[in-house]
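A short worksheet on the structure shown next.
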Amino acid sequence: MTVRLRFSPAPTGYLHVGSARSALFNWLYAKRTGGVMVLRIEDTDVDRSQPEMIAAIHDNLRWLGIDWDEEYRQSERFEQYRTVTQDFVDAGKAYYCDCTRDAVVARVGENVGYDGHCRDRQVAPPSDGDTDRSVVVRFRTPDTGTTAWDDLIRGRVEFENAVLEDFVIVRSNGVPMFHVANAYDDLDMNITHVVRGEDLVNTTPRVLLLREAMGATEHPTYAHLPLIVNEQRKKLSKRRDDVSVGDYADRGYLPEAMRNYLVTLGWGSKDDIEIRPIEEIIERFDLADINKAPAFFDIKKLDHFNGEYIRKMDSQSFIESCAAHTEGVDSDLFGRLAPFVQERIRRFDEVPSVIDWVVGEPPEVEPKDWKKVMTKDGVDKVLDMVIERLSDVAWEPPALAGAILGVGDELGVKSQLPVRIAVTGRRSGMPLFEPMAELDRSVVLDRLRMARERL
RNA sequence: GCCCCGUUCGUCUAGCGGCCUAGGACGCUGGCUUCUCAUGCCAGUAGCACGGGUUCAAAUCCCGUACGGGGUACCA
């Protein structure tokens, strides 16, 4: 039997790193087993689903290099879900209920589920034009026994059926709930492995019960992934955390780095190698080896991965990847600066702050930098002599280096730093001489004179 | 409240009863290379939550405690 996996996002927003990792783990396993990857858009919540997000999710997945073999939208399958739920009602496996939330709370109190009040009340089905009451369909859950499964990651998980309330399967607006769609589609699409976040474990017994009611005798293998958490050890949330995959792309992360980093969250190769080509990851990946504990999304480590990937790029690819952050910069000039840039950035959005002084104006010098470097004894002398020598030295890197460093040697001080501050506005950055040779002599002399005056 | 789950360096992981005086990576600290920074290389730092068992032997198995998380909707 071929392995069939599905990634099923709800199009309620942009793809979020937690979902991206679920998609990735599904994809890795599909690749590993030669299985089929299904993308199923779970848009049964008509109020919250945003159709335009589907395209965004496609883009984000493709950016990460995740592809799929089949695609479905649950909103196009409502008729099938309705048929199933009607069968349930006809067979007595489900029933109509017109209890309001308040009525249930009044009967059983807060923090308690639905009490089964309408189980045998023979509530009439909703009729058109009847706006006075809202009627839902509830699934009749067993009162005894247990529902359990062997989770590939967590081991055996059991739920007492008694704690499962009769949950809603069709909303009062006639739209089926996600459990129904989910259970029906997994069955209909012959899904063999369900790989998703741990936040979904509690819905698994419902889905299992629904499948059984649909006549399923076998269930897919479930693998519930540990959550990705923030520094407070809470599930990454759209509101508080940076979770949008698209934002990471915009900030200059490489998809290969992002994907490689995401894999390390909850899984590690036995040979201790973390950064490696995706083909090698696919070879070694197995759902059964995934950890149970939540993992912290560590930007610093992601940055390190990204820096490693950036440094491994060939110069042409590197230059192309910088494009979004080098608008308006002469491409030949950037081509010459690129090697210096490549080894000192970890994200592409850092490019402007490295080359700004060559392609435009240097930044205002930080007061503490100015104080630390420019208030030393002898700086005035250094600048005077450098200005003098740069006035008629050959305008090429070796000559510039000779002139500037020569001044320092003669005076017995460090001459490079004051000149760097004056010309680049910073204490650190690219090597000084090569990029400096790209500037006009007059521009460099102006910057040096301005600094000299400011002393 | 009820249900489910988790716990190896600060962080991510390797470990699946003896090879562990617990390995790797990020971070941090120090050193070398160097026109600064960065890169590269080298070194250091720090951990099996706690308490009971089981066993000749436990980070690894069992039980409990503590702490943490997830769920508890006519969201998915």
Side-chain angles (χ1 to χ4, degrees), chain A residues 8-12 19 42-45 47-49 74 97 100-101 109-114 134-138 151 153-155 157-160 162-165 167-179 181-182 196-205 224 226-227 229 231-235 261 263-275 289 291-305 307-308 311 340-346 354 373 397 400-401 404-405 408 414-417 419-421 424 426-434 436:
Chain A
S8 39
T12 52
S19 310
E42 306 221 328
D43 51 356
T44 53
D45 184 347
D47 295 329
R48 305 209 314 172
S49 290
Q74 294 190 324
C97 166
T100 61
R101 173 77 192 142
E110 290 296 346
N111 295 329
V112 182
Y114 180 68
S134 59
V135 179
V136 298
V137 178
R138 286 182 184 274
D151 197 283
I153 295 171
R154 330 194 81 76
V157 183
E158 295 188 349
F159 283 80
E160 294 288 332
V163 304
L164 263 31
E165 60 185 290
F167 54 92
V168 174
I169 56 175
V170 181
R171 301 171 171 88
S172 54
N173 64 5
V175 177
M177 291 284 290
F178 84 99
H179 315 91
N182 194 283
R196 27 126 77 151
E198 190 199 336
D199 49 342
L200 273 329
V201 275
N202 297 274
T203 72
T204 305
H224 285 96
L227 262 17
V229 298
E231 46 288 310
Q232 276 82 236
R233 297 250 124 211
K234 294 204 191 298
K235 182 168 88 165
Y261 174 66
V263 172
T264 68
L265 262 26
W267 181 82
S269 174
K270 302 189 194 314
D271 62 11
D272 282 339
I273 297 174
E274 293 186 322
I275 298 181
D289 293 334
N291 282 169
K292 299 177 178 69
F296 169 60
F297 189 81
D298 188 355
I299 294 277
K300 280 189 170 170
K301 191 155 180 177
L302 204 213
D303 283 347
H304 173 260
F305 273 44
E308 292 272 318
R311 272 172 259 125
F340 304 126
V341 179
Q342 187 167 2
E343 67 179 10
R344 67 200 78 224
I345 61 166
R346 297 158 90 96
V354 176
V373 176
L400 293 175
I404 293 167
L405 298 178
K414 293 279 190 184
S415 56
Q416 189 259 157
L417 226 37
V419 174
R420 175 179 288 276
I421 291 275
T424 78
R426 292 192 182 82
R427 300 181 54 193
S428 60
M430 295 187 285
L432 229 206
F433 312 121
E434 289 84 351
M436 197 165 105

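Within every chain, numbering begins at 1; the chains are lettered A, B, ... in the order of the sequence lines, protein sequences first and strands thereafter. This one's a predicted model, so the numbers in the text were calculated from it and none came from an experiment.
- Where Phe433(A) and Gly268(A) meet RNA chain B, the nucleotide closest to each residue was compared, and Gly268(A) sits on the side nearer the 5' end.
- In the interface, the side chain of Lys292(A) is not paired with the base of C5(B) through any donor and acceptor atom under 3.5 Å apart.
- Between Arg346(A) and G27(B) there is a side-chain polar atom (N or O) within less than 4.0 angstrom of OP1 or OP2.
- For C74(B) and G17(B), the P atoms lie 46 Å apart once the distance is rounded to whole Å.
- Interatomic distance, CZ of Phe296(A) versus CD of Glu231(A), reported as 5.0 Å (0.5 Å rounding).
- If Glu308(A) and Gly266(A) are placed on RNA chain B by their nearest nucleotide, the residue sitting closer to the 5' end is Gly266(A).
- The residue Glu158(A) sits close only to the backbone: its heavy atoms come under 4.0 Å of sugar-phosphate atoms, none of a base.
- For Glu343(A) against G40(B), a side-chain-to-base donor-acceptor contact under 3.5 Å is absent.
- No engagement by Arg426(A) is indicated, since no non-hydrogen atom pair under 4.0 Å with the nucleic acid exists.
- Ring orientation note: the planes of Phe297(A) and Tyr261(A) are nearly perpendicular, at an angle over 60° on the 30°/60° scale.
- Judged by distance alone, with hydrogens and angles left aside, Arg420(A) brings a side-chain donor or acceptor within reach of the base of U36(B), the pair sitting under 3.5 Å.
- Using atom C1' as the reference point in both G15(B) and G31(B), the two lie 32 Å apart (nearest Å).
- OP1 and OP2 of U8(B) both lie 4.0 Å or more from every side-chain N or O belonging to Asn291(A).
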Summary of protein contacts for nucleotides 62-76 of chain B, nucleotide by nucleotide, where a base hit scores B, a sugar-phosphate-only hit scores S (4.0 Å, heavy atoms) | -------BBS--BBB

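- Side chain Arg427(A) to base C37(B): no donor-acceptor pair is found below 3.5 Å.
- Contact annotation for Ala401(A): no contact, since no heavy-atom pair falls under 4.0 Å across all strands.
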